[in-house]
**Student:** 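I have a structure I would like to understand better, so I am pasting it below and will then ask my questions one at a time.
By convention here, the first residue in the shown sequence is residue 1.
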Amino acid sequence: MSGDELNLRVDALTTQSGRFKTLIGEFFRLEFKRARPKWGPYEVCIEITHARDTSSQDVDRVAKAVLDALTGVVFHDDSQVERLLVTKVEGDGPRIAVTARPMKPVRILEDA
């Protein structure tokens, strides 16, 4: 964690939200006891890396599993995610990299 930004890397790939939720929940419970979910809009970026020889995962299923795992840890509800970017790339092995951060308020300028 860096300020309010979370950077997480899981060297595995699964669409089973229960496994992610358990893994991430246990990690935060043991390593980051100070982390508490917050309210407000969030931005989440997910990069899915898969080996060339393996079957590819559906980005929507992986994204849902990750958002379910972050619910109650980073934010209270995944409906707080207002911007979601998911990319899938080939690499040496299965990996999911996640960045979650509160969105900064957007200031709209009115014509004078």
**Student:** Rounded to the nearest 0.5 Å, what's the gap from CG on L70 to CG on D78? Could you check?
**Tutor:** 9.5 Å
**Student:** Strictly by ring pair (Phe, Tyr, Trp, His ring centres under 6.0 Å), give each pair with a member in residues 61-91 just once, sequence neighbours left out.
**Tutor:** W39-H76, Y42-F75
**Student:** Using every non-hydrogen atom in the two residues, find where G72 and P37 come nearest and quote the distance to one decimal.
**Tutor:** O-CG, 3.5 Å
**Student:** Return the set of residues passing side-chain hydrogen bond (donor to acceptor under 3.5 Å, both in side chains) with T99 (not counting sequence neighbours), or none when no residue passes.
**Tutor:** N7
**Student:** Name all residues meeting the salt bridge (charged side-chain N to carboxylate O under 4.0 Å, His left out) criterion together with D11; count only those two or more places apart in sequence or in a different chain, and write none if there are none.
**Tutor:** R9, R95
**Student:** Identify the heavy atoms of T49 and E90 that sit nearest to each other, and give their distance.
**Tutor:** CG2-C, 4.2 Å
**Student:** Would you name the heavy atoms of V44 and A100 that are closest together and state the gap between them?
**Tutor:** CG2-CB, 4.1 Å
**Student:** Kindly work out whether a path of hydrophobic side-chain contacts (I/L/V/M/F/W/Y, heavy atoms less than 4.5 Å apart) joins M103 to L8.
**Tutor:** no
**Student:** When you measure from the side chain of D58 to the backbone of D60, do you find a donor-acceptor pair of N or O atoms at a distance under 3.5 Å?
**Tutor:** no
**Student:** Going by the rule salt bridge (charged side-chain N to carboxylate O under 4.0 Å, His left out), which residues pair with E82 if we only count those two or more places apart in sequence or in a different chain?
**Tutor:** none
**Student:** Listing request: all ring pair (Phe, Tyr, Trp, His ring centres under 6.0 Å) pairs with a residue in residues 87-106, at least two apart in sequence or in separate chains.
**Tutor:** none
**Student:** What's the separation between atom CG in L84 and atom CD1 in I46, rounded to the nearest 0.5 Å?
**Tutor:** 5.0 Å
**Student:** Residues two or more places apart in sequence or in another chain: which of them pass salt bridge (charged side-chain N to carboxylate O under 4.0 Å, His left out) with R101?
**Tutor:** E5, E43
**Student:** Picking from L85, T87, V86, V98, what satisfies side-chain contact (heavy atoms from CB on, under 4.5 Å) with C45?
**Tutor:** L85
